[in-house]
Number of protein chains: 2
Amino acid sequence: MKTSLEVCITEGIHQAVVNTVDRKMPEQVALYELADLFKIFGDSTRISILWALSESEMCVCDLCALLKMKQPAISHQLKNLKQSRIVKARREGKIIYYSLDDDHIRRLLDLGMQHVNELQMSMTH
Amino acid sequence: MKTSLEVCITEGIHQAVVNTVDRKMPEQVALYELADLFKIFGDSTRISILWALSESEMCVCDLCALLKMKQPAISHQLKNLKQSRIVKARREGKIIYYSLDDDHIRRLLDLGMQHVNELQMSMTH
DNA sequence: TGTACATATGACAATATGTTCATACGTACA
DNA sequence: TGTACGTATGAACATATTGTCATATGTACA
């Protein structure tokens with residue numbers, strides 16, 4: 001009973017290519033972490049939060065008002081962002097101010113948006 | 001009966017900040033598309049496929065062998081990637097070769113991996 | 001110490017996502 | 001035309017994710 005995987009391997013078209021690429025692949029752990037990083041960006045609430053924080057540090061309340069969402073929803077996402085070290089928090093009395101933890105984040109946002117815009121452009125032609 | 005959102009707004013700490021940031025926010029649609037772009041990157045199977053294709057064009061079978069996954073799993077993800085215009089396909093007889101559709105993709109992968117690596121570094125200190 | 005406000009957290013429901021199996025489609029070639 | 005191979009697709013299941021409600025925590029201040 002052959003699985004499709006076995007079929008693929010036995011009849012594999014480009015074993016040489018596969019080997020070469022395999023040697024160049026990063027460690028699985030690194031790929032998982034990379035996927036996790038992008039996963040964090042892959043939600044419109046979190047992206048909106050990040051974009052907002054790239055303009056100014058803000059407290060939870062501010063973000064609720066800006067995004068017109070309930071406070072626990074924002075807090076949950078901020079927790080995710082904080083655990084991924086994408087966002088950092090600073091307490092001032094009762095209020096907690098959030099901001100981007102790193103300038104890479106801004107660059108990733110910009111590069112992504114650039115791609116989205118160019119896709120948009122090419123759609124209209 | 002006040003919702004937490006209303007509480008936030010009425011007591012809002014930084015209405016001025018919220019207004020300023022609000023003016024600078026991209027359109028909601030753009031933010032959704034940006035999130036969708038990152039969502040596509042946010043899965044380890046797809047990231048692995050993309051990284052592999054950034055080294056060389058490959059057919060479905062090659063990817064199955066490289067990632068040790070079943071063929072339909074790879075095909076489904078390739079379909080997602082193709083629909084997002086991140087990957088393109090080229091047919092040659094029975095075989096279909098996939099490759100990256102755009103050089104932005106490579107830059108996004110690199111920038112992301114750079115961030116992951118630097119996080120890794122700072123963890124060990 | 002008690003009250004009010006800003007934020008965090010846990011449980012839950014609804015939805016989305018990824019992989020698998022079975023099977024269909026398309027091409028080459030006997 | 002029939003068979004074989006490479007790939008695509010649809011349904012189904014398992015798991016993950018998001019927002020909501022209710023409630024807890026922490027801080028300021030009377």
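Order of the sequence lines sets the chain letters (A, B, ...), proteins ahead of strands, with each chain counted from 1.
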**OP:** For B:K82 and for A:N80, locate the closest nucleotide of DNA chain D by heavy-atom distance; then report the residue assigned to the nucleotide nearer the 5' terminus.
**Re:** B:K82

Nearest of [options] to any side-chain atom of [X]?
X     : options                : result
B:C61 : C:dT7, D:dT18, D:dT7   : D:dT7
B:S75 : C:dT7, D:dT9, C:dA8    : D:dT9
B:R91 : C:dT27, C:dT20, D:dA22 : C:dT27
A:H76 : D:dT20, D:dA8, D:dT7   : D:dT20
B:K39 : D:dA8, C:dT17, D:dT27  : C:dT17

**OP:** Considering only NZ, NE, NH1 and NH2 on the basic side and carboxylate oxygens on the acidic side, decide whether A:K39 and A:D36 come within less than 4.0 Å.
**Re:** yes

Original post:
Is there a donor and acceptor pair closer than 3.5 Å between the side chain of A:Q71 and the base of C:dA6?
Top reply: no

Original post:
Where each residue is assigned the nucleotide of DNA chain C containing its nearest heavy atom, which of B:S44 and B:G93 is assigned the position nearer the 5′ end?
Top reply: B:S44

Reckon [X] has a side-chain N or O less than 4.0 Å from the OP1 or OP2 of [N]?
X     : N      : result
B:T45 : C:dG18 : no
A:R46 : D:dT18 : yes
A:K94 : C:dT7  : no

Original post:
Contact class for A:Y97 (heavy atom, under 4.0 Å): base, sugar-phosphate, or nothing?
Top reply: nothing

**OP:** Starting from the C-alpha separation in whole Å, work towards a yes-or-no answer on salt bridge (charged side-chain N to carboxylate O under 4.0 Å, His left out) for A:R106 and A:D103.
**Re:** CA-CA 5 Å; A:R106 228 176 296 262; A:D103 215 60; 3.1 Å; yes

Subject >> Residue B:Q28 excluded, over 12 heavy atoms near CD under 6.0 Å >> reply: no

